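Step one of this worksheet: look at the structure below.
Just so it is clear, the model here is predicted, and its values are computed rather than measured.
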Amino acid sequence: MKDKKTSRILKQMECAHNNVHAQKVRVANGLMLTNYKSIGYMGEPQSGFRGGLNIFDISHPSEPKHIHFWETGGQGVRRFTFNGRYAYLAGSDTGYIGHIVIILDLDDPAKPQEVGRVSRPGQWEAGGEEPDMPLAHLRCHHPIRGNDRLYVGYWYAGWAILDITDMTNPTCVSRQEWKPPYGHPAQTTLPIPFKLKGMDIMLMADEDVAKKEPAGPAFMWVYDITDEVNPRVIGSFQLDHLDSGTPAPAMTGSHQPAEIVPGTAIPVAWFNNGLRIVDIANPHAPRETAFYVPDPPEGAERPLANDVY
């Protein structure tokens with residue numbers, strides 16, 4: 001893109017199957033990955049649905065080549081991260097409730113190999129486990145890698161830090177349940193790759209959808225994870241102009257921070273409040289430094305910022 005004002009589409013591809021939600025794409029090492037997820041979110045997929053992960057060669061961006069479709073059982077792949085070799089998926093499989101953590105090795109992208117998986121207690125229905133919360137609340141949103149750890153948002157089951165020193169056998173380091181009084185599901189757990197004020201920091205963004213009860217807009221939380229067995233909240237962020245104590249429509253608050261972190265200024269997609277830049281240099285008191293809210297698209301009542309990368 002030499003001139004951003006005259007950018008143009010090089011290639012556009014349609015979904016190859018019906019009833020598919022293909023809303024995430026990640027690019028690294030000449031590969032592009034896109035997800036296939038059931039468009040219904042909950043319950044049984046619609047007839048004809050095939051869920052999984054599409055793998056493309058994009059060494060020539062104007063002529064992407066489809067390499068492989070890695071198929072799952074259940075609802076497919078929800079969200080994922082990719083470092084050029086390994087994909088860390090919120091994926092589904094027959095016999096499990098909701099999405100679980102699946103690690104996929106793409107050393108040979110034409111023959112992806114599952115390396116390891118882990119589920120929260122209560123998800124492995126075929127193994128005799130029984131859930132301790134409504135089924136719609138029990139699912140992995142997506143994992144993010146930091147060194148030999150995976151940081152995993154787990155919807156209303158909270159979030160977890162997993163040790164993947166042995167990727168064939170991920171183990172839980174710590175877990176925090178996200179039951180009452182929290183009104184929103186835990187979405188993105190983002191490790192900060194440098195210390196702030198001597199602390200190891202993780203951001204945890206709630207997603208402002210599927211409220212369990214009337215609630216204000218969702219927050220982004222700041223955790224000190226220096227003692228990763230006993231993480232603790234040390235700060236939070238909310239937009240100044242929002243009344244966080246009054247029930248608000250869904251998609252008013254937080255959604256997702258950019259998952260590559262080069263500095264303390266963190267871009268965050270804040271649903272109908274657009275793109276916000278949040279400086280976490282003082283992790284006890286994050287502050288907004290800039291924002292951009294586009295006009296609503298034609299026929300829509302409000303804009304919607306879903307993803308920033």
If you apply the rule side-chain contact (heavy atoms from CB on, under 4.5 Å), what do you find for V27 with F82, and how did you get there?
CA-CA 7 Å; V27 173; F82 177 49; over 6 Å; no
When every non-hydrogen atom of P64 is compared with those of I58, the smallest separation belongs to CB-CG2, 3.9 Å
Could you walk me through whether Q123 and Y154 pass the side-chain hydrogen bond (donor to acceptor under 3.5 Å, both in side chains) check?
CA-CA 12 Å; Q123 284 191 286; Y154 243 100; 3.1 Å; yes
Compare all side-chain heavy atoms of L89 with those of V101 and state whether any distance is below 4.5 angstrom.
no
Are M167 and L162 linked, directly or through intermediate hydrophobic residues, by side-chain heavy-atom contacts shorter than 4.5 Å (ILVMFWY only)?
yes
Contact summary for L10 and P61, nearest pair of heavy atoms
CD1-CB, 4.1 Å
Would you call the rings of H141 and W155 parallel, tilted or perpendicular, where under 30° means parallel and over 60° means perpendicular?
parallel
Nearest-0.5 Å distance that lies between atom OG1 in T72 and atom CZ in R78:
13.5 Å
Closest approach of P286 to P283 (non-hydrogen atoms, all atoms of both residues)
CD-O, 3.8 Å
Single hit among Y88, Y151, Y86 for side-chain hydrogen bond (donor to acceptor under 3.5 Å, both in side chains) with R145:
Y88
Value for CD (Q113) from CG (D108), rounded to nearest 0.5 Å, stands at 8.0 Å
Less than 4.5 Å apart, side chain to side chain, heavy atoms only: is that true for L33 and L106?
yes
State, yes or no, whether a side-chain contact exists between V115 and L104 at a heavy-atom distance under 4.5 Å.
no
What do the steps show when you test N169 against D166 for side-chain hydrogen bond (donor to acceptor under 3.5 Å, both in side chains), and what is the final call?
CA-CA 6 Å; N169 183 34; D166 177 3; 4.8 Å; no
For residues I100 and I97: do they belong to one hydrophobic cluster (side chain heavy atoms under 4.5 Å, members Ile, Leu, Val, Met, Phe, Trp, Tyr)?
no
Distance check, rounded to the nearest 0.5 Å: Y156 atom OH versus H137 atom NE2?
6.0 Å
Distance in Å, S236 OG paired with M204 CE, rounded so as to fall on 0.5 Å steps:
11.0 Å
Say you draw a straight line from OG of S174 to CD of E228; how long is it, rounded to the nearest 0.5 Å?
6.5 Å
For D206 and Q187, run side-chain hydrogen bond (donor to acceptor under 3.5 Å, both in side chains): C-alpha distance rounded to whole Å, both residues' side-chain angles, the deciding distance at 0.1 Å, then the answer.
CA-CA 5 Å; D206 284 345; Q187 202 249 39; over 6 Å; no
Check whether any side-chain heavy atom of P112 sits under 4.5 Å from a side-chain heavy atom of H68, and report yes or no.
yes
Residues in side chain to side chain contact (heavy atoms under 4.5 Å, CB included) contact with A281, at least two apart in sequence or another chain
T264, D279
More than 12 heavy atoms of other residues, nucleotides or ligands under 6.0 Å from CD of E129: yes or no?
yes
Other residues, nucleotides and ligands only: do more than 12 of their heavy atoms fall within 6.0 Å of CG on D240?
no
If you look at every heavy atom in A90 and P143, which pair is closest and at what distance?
N-CD, 3.9 Å
Which heavy atom of P217 sits nearest to which heavy atom of Q238, and what is that distance?
O-NE2, 3.1 Å
Joint hydrophobic cluster, I102 plus Y96, side-chain heavy atoms closer than 4.5 Å:
yes
At what distance, to the nearest 0.5 angstrom, does OG of S92 lie from CZ of R139?
11.5 Å
If we ignore hydrogens and angles and just use 3.5 Å, is the side chain of H184 paired with the main-chain N or O of G216 as donor and acceptor?
yes
Hydrophobic clusters join Ile, Leu, Val, Met, Phe, Trp and Tyr when side-chain heavy atoms are under 4.5 Å apart, directly or via other members; which others share one with V268?
I144, L190, I192, F194, L196, M199, I201, L203, M220, V222, I234, F237, L239, L242, V261, I266, W270, V278, I280
Are any non-hydrogen side-chain atoms of V25 and M32 less than 4.5 angstrom apart?
yes
Pairs under 3.5 angstrom only: tabulate donor-acceptor contacts from the side chains of residues 300-309 to other protein residues two or more places apart or in another chain.
unit_1, atom_1, unit_2, atom_2, d
R302, NH1, A250, O, 3.3
R302, NH2, A250, O, 2.8
N306, OD1, K24, NZ, 2.8
D307, OD1, R79, NH2, 2.4

Take a 6.0 Å sphere around NE2 of H284 and say whether it holds more than 12 heavy atoms from other residues, nucleotides or ligands.
yes
State, with a plain yes or no, whether a side-chain heavy atom of R149 is found less than 4.5 Å away from one of N147.
no
For residues H241 and N273, determine if any side-chain heavy atom of one lies less than 4.5 Å from a side-chain heavy atom of the other.
yes
Residues forming a salt bridge (Lys or Arg N to Asp or Glu O under 4.0 Å) with D208, sequence neighbours excluded:
K211
Centre of W124's six-membered ring, under 6.0 Å away, within 45 degrees of the axis: is that where NZ or CZ of R117 sits?
no
May I ask you to test the C140-W159 pair for a side-chain heavy-atom distance under 4.5 Å?
no
In sequence, state the C-alpha distance, the side-chain angles, and the governing distance for D148 and T165, and then conclude on side-chain hydrogen bond (donor to acceptor under 3.5 Å, both in side chains).
CA-CA 5 Å; D148 58 1; T165 305; 3.2 Å; yes
Taken in chain and number order and not counting sequence neighbours, the residues that satisfy salt bridge (Lys or Arg N to Asp or Glu O under 4.0 Å) with E288 are R276
More than 12 non-hydrogen atoms from neighbouring residues, nucleotides or ligands closer than 6.0 Å to CD on E130, yes or no?
no
Where the side chain of D163 meets the backbone of P170, is there a donor-acceptor pair that is under 3.5 Å apart?
no
Carefully, step by step, assess M13 and F56 under the rule side-chain contact (heavy atoms from CB on, under 4.5 Å).
CA-CA 12 Å; M13 296 172 288; F56 295 87; 3.8 Å; yes
Would you mind listing every side chain to side chain donor-acceptor pair (under 3.5 Å) that reaches into residues 188-202, with sequence neighbours excluded?
K195-D200
Within the side chain of T246, is there an N or O that forms a donor-acceptor pair under 3.5 Å with the backbone of D243?
no
Is the W70-Y36 ring centre distance short of 6.0 angstrom?
no
Minimum heavy-atom separation for Y223 and P231, please, with both atom names.
CD2-CB, 4.0 Å
Looking at R85, I want to see if its CZ is surrounded by more than 12 non-hydrogen atoms of other residues, nucleotides or ligands under 6.0 Å.
yes
Go through it in stages, so that I can follow the logic: the residues are H142 and F80, the test is ring pair (Phe, Tyr, Trp, His ring centres under 6.0 Å), and I'd like the CA-CA distance, side-chain angles, deciding distance and then a yes or no.
CA-CA 5 Å; H142 71 300; F80 61 94; 9.1 Å; no
